[in-house]
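Only a predicted model underlies this, so the values are computations on that prediction, with no experimental measurement involved.
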Amino acid sequence: MSLIAYQDDDQQANDGGQPLSRSAYREEQRKKQEDFDRRDHERLKAEKRYAKQHSDPEYDQRQQDAVAADKVNRLKRRLNWAIGWLIVGIIAVFLILFFVEF
């Protein structure tokens, strides 16, 4: 009979083809995590730097208040129109129910 190997195909192996010991595997995983953390930290720094360079321009307080007031007034007008159309719709439904016999 031939010798049967009980080695998983997914198990990590070093350069010599031998399976890694637990400590070597843990050390390799720790190094991978440290590399990932370092790259992630650098990426976050680059994103923050980009955000600072490409941020929206600052406006003075009066201009921001004027823009906010315009938006509020536009929203009020749209809300009033929506309420008006709902009232017209409700009246139309009552008229239909009153005049049409089922």
Side-chain angles (χ1 to χ4, degrees):
M1 270 181 128
S2 63
L3 190 61
I4 299 174
Y6 292 104
Q7 179 178 348
D8 292 338
D9 292 335
D10 296 336
Q11 189 176 12
Q12 296 283 333
N14 59 11
D15 295 333
Q18 298 294 324
L20 292 176
S21 66
R22 287 185 183 179
S23 61
Y25 177 76
R26 287 181 184 154
E27 181 66 24
E28 183 179 314
Q29 292 300 317
R30 186 187 58 77
K31 286 181 182 178
K32 285 181 182 178
Q33 185 64 38
E34 286 175 356
D35 289 342
F36 173 78
D37 291 340
R38 182 184 45 78
R39 287 190 314 269
D40 190 49
H41 182 69
E42 291 296 321
R43 181 187 58 83
L44 289 174
K45 281 179 24 181
E47 286 178 0
K48 286 179 184 178
R49 188 173 50 248
Y50 179 84
K52 285 181 182 178
Q53 292 173 354
H54 296 88
S55 65
D56 292 333
E58 295 287 328
Y59 296 107
D60 63 338
Q61 189 62 33
R62 284 183 286 152
Q63 189 175 9
Q64 286 180 348
D65 291 341
V67 169
D70 289 341
K71 288 182 179 182
V72 168
N73 289 335
R74 189 173 2 166
L75 186 60
K76 285 180 184 179
R77 188 172 35 253
R78 288 181 181 175
L79 184 59
N80 287 337
W81 276 102
I83 291 170
W85 283 110
L86 285 174
I87 290 171
V88 168
I90 290 170
I91 291 171
V93 167
F94 281 131
L95 289 174
I96 290 171
L97 290 175
F98 184 73
F99 289 114
V100 176
E101 294 181 27
F102 290 103

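Residue Arg30 qualifies as enclosed at atom CZ: its count of foreign heavy atoms under 6.0 Å is above 12.
At a threshold of 4.5 Å between non-hydrogen side-chain atoms, the residues Leu75 and Leu79 do not count as touching. No side-chain heavy atom of Gln29 sits under 4.5 Å from any side-chain heavy atom of Arg26.
Considering Glu47, Lys48, Arg43, His41 in turn, His41 is the only one that fulfils the side chain to side chain contact (heavy atoms under 4.5 Å, CB included) rule with Lys45.
Judged by distance alone, the side chains of Asp37 and Gln33 do bring a donor and an acceptor atom under 3.5 Å apart.
Atom CD1 in Ile87 sits 7.0 Å away from atom CD1 in Ile83 (nearest 0.5 Å). To the nearest 0.5 Å, atoms OG (Ser21) and CD (Glu28) are separated by 10.5 Å. Rounded to the nearest 0.5 Å, atoms CG (Asp70) and CG (Asp65) are 11.0 Å apart.
Hydrophobic clustering (ILVMFWY, side-chain heavy atoms < 4.5 Å, transitive): Phe99 and Ile91 are in one cluster. In the hydrophobic clustering of this structure, Val93 groups with Ile96; members are Ile, Leu, Val, Met, Phe, Trp, Tyr whose side-chain heavy atoms approach within less than 4.5 Å, directly or through other members.
Checked by atom type and distance alone, the side chain of Asp40 never pairs as donor or acceptor with a backbone atom of Phe36 at under 3.5 Å.
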